[in-house]
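Have a look at the structure below, then the notes.
Chain A is the first sequence line, chain B the second, and so forth, proteins listed ahead of strands; every chain is numbered from 1.
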Amino acid sequence: MKIATFNVNSIKARLPRVLEWLKERNPDVVCLQEIKSLDENFPRMEIEDLGYNIETHGQKTYNGVALLSKFPIEDVQRGLPENTEDDQARYIEAFTGGVRIGCLYLPNGNPIPGEKFDYKLRWMDHLVSHAKTLLAYEEPLVLCGDYNVIPKDEDVFDPARFEGDALTQPATRARYRELMYLGFTDALRVLRPSGADYTFWDYQRGAWQKDNGLRIDHHLLSPQAADILKDCQIDKMVRGGERASDHVPIWIDLDI
DNA sequence: ATGGTAGTTTAACTA
């Protein structure tokens, strides 16, 4: 069972690339971030034609997440529970094909210090709290998406250039570790313990051409999901396509 | 120290 995550940076602008990739990779479940679309404007028909059920949590202009699945989608939850004052569409969760999936778009948090960084840290606190609840179900669980967290210095092309960035701050990394220490497994790192495995290249300064990337899109697995992990791949070549997103798809294969 | 790009939206924001 292939479960992918892909920050598309506008589903409208990226639809041809997304359809092309769906046909080639044929994932069973897909988590999309930054759809930048209202629910009613999501291009449902084109994606349903490829055999997917769809649940969206959209908003106008910014953010927005969606879940695609070839299996029935049950128990849909929009937004992190407890985070009731949050007006940004950054989380959708559901049970599908025997796996519970949380699709998340964690706040970027720049610049620091400031309101946006405070919001990021609060959002991470809510995520940790909810992850505890989900882990207690003791079922295969995948929390994946754009974390906007560079876990370690090896996950960025030039750590020195990111010293003042919200993606590498000690407070950011401390909360990410708090999440990991609950018992999650980083799917990519359990299969590839080190290396420049980037998932994002900025549109600016020729970042893609120079391979100046970041690893910020992750699949975190509950023990029950980690036990059945078969594979994890980054579809890096997608970044070189026409009108590409600044992120590429990452997928895991679970033996379920 | 600034600007470079992309998307949404049409001046300014987010990333």
- request: Report the distance from atom CD of A:E163 to atom CG of A:D153, rounding to the nearest 0.5 Å.
  value: 8.5 Å
task: Answer yes if A:L179 and A:L135 sit in the same cluster of Ile, Leu, Val, Met, Phe, Trp and Tyr residues linked by side chain heavy atoms under 4.5 Å apart, and no otherwise.
output: yes
query: Between A:D75 and A:R100, is there a side-chain N and carboxylate O pair less than 4.0 Å apart?
result: yes
Pairwise P distance, B:dA1 and B:dT10 [rounded to whole Å]: 34 Å
query: Heavy atoms under 4.0 Å, any strand shown: does A:F200 hit a base, just sugar-phosphate, or nothing?
result: nothing
query: Among B:dG7, B:dT8, B:dG3, which is the nearest nucleotide to the side chain of A:R205?
result: B:dG3
query: How many Å lie between CG on A:D246 and C1' on B:dT14, as a whole number?
result: 11 Å
- prompt: For A:Q33 and B:dA15, what is the distance between atoms CD and C1' respectively, to the nearest whole Å?
  reply: 14 Å
query: 5'-most contact on DNA chain B: A:H247 or A:T61, nearest heavy atom basis?
result: A:T61
query: For A:N212 and B:dT5, what is the distance between atoms CG and C1' respectively, to the nearest whole Å?
result: 15 Å
- prompt: Between A:D202 and A:N63, who's closer to the 5' end of DNA chain B by nearest nucleotide?
  reply: A:D202
field: Interatomic distance, A:Y62 OH vs B:dA15 P [rounded to whole Å]
entry: 8 Å
- request: Specify the separation, in whole Å, of atom CD of A:E242 and atom P of B:dG7.
  value: 12 Å
statement: Minimal heavy-atom distance between A:L106 and A:N148, with the atoms involved, is O-ND2, 2.8 Å
Shortest side-chain distance from A:S10, nucleotide among B:dT8, B:dC13, B:dA15: B:dT8
Atom-to-atom span, CZ of A:R17 to P of B:dG7 - whole angstrom: 12 Å
- request: For B:dT14, take OP1 and OP2 only and decide whether either is under 4.0 Å from a side-chain N or O of A:K116.
  value: yes
query: With respect to the side chain of A:Q204, which nucleotide from B:dT14, B:dT5, B:dG7 is positioned closest?
result: B:dT5
- line: In whole angstroms, the gap separating P of B:dT8 from CZ of A:F42 amounts to 14 Å
query: Is A:Y52 reachable from A:V99 through a run of I, L, V, M, F, W or Y residues, each pair having side-chain heavy atoms under 4.5 Å apart?
result: no
- request: Could you check how far NZ of A:K120 sits from C1' of B:dA15, rounded to whole Å?
  value: 11 Å
message: Just to be sure I understand the rule, does A:R239 reach a base, reach only the sugar-phosphate, or reach nothing, if contact means heavy atoms closer than 4.0 Å?
response: nothing
- prompt: If the C1' atom of B:dG4 is compared with that of B:dA15, how far apart are they to the nearest Å?
  reply: 14 Å
- prompt: Would one find a side-chain N or O of A:R243 under 4.0 angstrom from OP1 or OP2 of B:dG7?
  reply: yes
